[in-house]
There are 2 protein chains.
Amino acid sequence: MVNSRFSVAIHILSLIATTSDKSQLSSDFIAGSVNTNPVVVRRMIGLLKKAGLLTSQSGLAGYELLVEPKDLSLLTIYHAIDGPEQLFAIHDEPNPDCTVGRKIQRTLEGVYTSVWDAMEEQLQAQTLQDVLDQLR
Amino acid sequence: MVNSRFSVAIHILSLIATTSDKSQLSSDFIAGSVNTNPVVVRRMIGLLKKAGLLTSQSGLAGYELLVEPKDLSLLTIYHAIDGPEQLFAIHDEPNPDCTVGRKIQRTLEGVYTSVWDAMEEQLQAQTLQDVLDQLR
DNA sequence: AAACCTGTAACTATAATAGTTACAACAGGT
DNA sequence: ACCTGTTGTAACTATTATAGTTACAGGTTT
């Protein structure tokens with residue numbers, strides 16, 4: 001299973017989107033809602049910031065979204081957090097002297113790509129706004 | 001990323017399907033093609049056997065498929081190897097006193113379920129025979 | 001200056017994974 | 001009966017990913 005970073009990222013972005021008093025949004029406050037360590041939050045926010053999804057100011061509590069929730073697809077978030085770009089690992093160096101071993105890697109890549117594409121399509125179809133609507 | 005067991009399972013099943021001299025199929029031989037340890041192979045085969053996909057006889061080399069490659073979907077294989085049934089982990093115990101924290105888990109479950117379903121659909125659509133065709 | 005914050009590096013703990021060693025039990029040939 | 005080679009499993013080890021943590025330099029506000 002993929003790590004929980006994607007979940008944490010969506011949680012953080014939801015919090016920022018729904019909190020009107022931005023000065024309340026310290027990494028410590030956010031960590032309290034997510035139930036993790038403030039550093040974990042700041043680390044994650046660093047990635048989201050690098051992807052241009054939000055701004056922050058060093059030394060000053062408060063984050064602001066740079067993208068409207070309805071324009072922010074979950075796929076964009078996924079790419080922002082630098083999650084794995086493959087679903088299934090393929091074993092290393094199968095035997096090249098074997099008919100199966102010689103071609104299995106490329107074959108599996110093809111199989112997994114179709115699965116991955118289907119997944120991306122789903123993530124593209126859902127936005128942060130959809131998540132916010134369900135949180136009500 | 002999910003582990004490489006799924007890849008190894010497909011490799012093993014492909015080997016069994018394409019090898020006519022079944023007595024050649026020892027766990028050691030298969031391990032040589034996959035490039036891993038014979039015990040890893042036997043462990044994996046134990047799962048496939050438990051799922052009714054193949055037979056083996058203790059003490060005697062040789063495995064046989066119990067299902068026609070064209071009737072064996074990759075999804076069936078995936079379930080056989082007991083892979084994770086969720087793609088993304090959801091962080092534990094978000095703060096119940098927070099609007100977001102209170103409902104984020106259930107919301108994410110919904111999101112991830114739609115992604116998972118799309119993935120299963122892709123795996124269901126492809127069979128071991130499709131893989132064999134591409135190995136040619 | 002004091003209190004509070006961010007950003008980041010470095011370290012630690014835990015868990016998943018794959019690989020490995022070891023061995024009991026079975027099969028087939030001699 | 002014995003030897004060789006095999007499966008099925010348990011138990012252990014090594015490696016890696018992940019999350020959590022400590023520490024601290026530097027920014028911001030009062």
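Source: prediction; values computed, not measured. Below, read A as the first sequence line, B as the second, and so on, with proteins coming before strands; counting in each chain starts at 1.
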Is the closest side-chain heavy-atom distance between [X] and [Y] below 4.5 Å?
| X | Y | answer |
| --- | --- | --- |
| B:T127 | B:D71 | no |
| B:T36 | A:H91 | no |
| A:V34 | B:I104 | no |

For the pair made of [atom1] in [X] and [atom2] in [N], what is the distance, rounded to whole Å?
| X | N | atom1 | atom2 | result |
| --- | --- | --- | --- | --- |
| B:Q24 | D:dT7 | CD | P | 13 Å |
| B:F88 | D:dT18 | CZ | P | 13 Å |
| B:I30 | D:dT6 | CD1 | P | 12 Å |
| B:M44 | C:dT17 | CE | P | 11 Å |
| A:N3 | D:dG20 | CG | C1' | 14 Å |
| A:L25 | D:dT28 | CG | P | 18 Å |
| A:D28 | D:dT22 | CG | P | 13 Å |
| B:R43 | D:dG8 | CZ | P | 14 Å |

Which part of the nucleic acid, if any, lies within reach of [X] when heavy atoms closer than 4.0 Å are counted: base, sugar-phosphate only, or nothing?
| X | value |
| --- | --- |
| A:Y63 | sugar-phosphate |
| B:N37 | base |
| A:R5 | sugar-phosphate |
| B:K49 | sugar-phosphate |

Main-chain N/O of B:L72 paired with B:T76 side-chain donor or acceptor, under 3.5 Å: no
Please determine, for the side chain of A:S58, which listed nucleotide (D:dG26, D:dT6, C:dT21) has the closest atom? D:dG26
Options D:dT6, C:dT21, D:dA19, nucleotide nearest the side-chain atoms of A:S4: D:dA19
5'-most contact on DNA chain D: A:V40 or B:S26, nearest heavy atom basis? B:S26
Once hydrogens and angles are ignored, does a donor-acceptor distance under 3.5 Å link the base of C:dT21 to the side chain of B:R42? no
For C:dG19, take OP1 and OP2 only and decide whether either is under 4.0 Å from a side-chain N or O of B:T36. yes
State whether B:Q57 places a side-chain N or O below 4.0 Å from either non-bridging phosphate oxygen (OP1 or OP2) of D:dT7. no
Same hydrophobic cluster for B:L47 and B:Y78, using side-chain heavy-atom links shorter than 4.5 Å among ILVMFWY? no
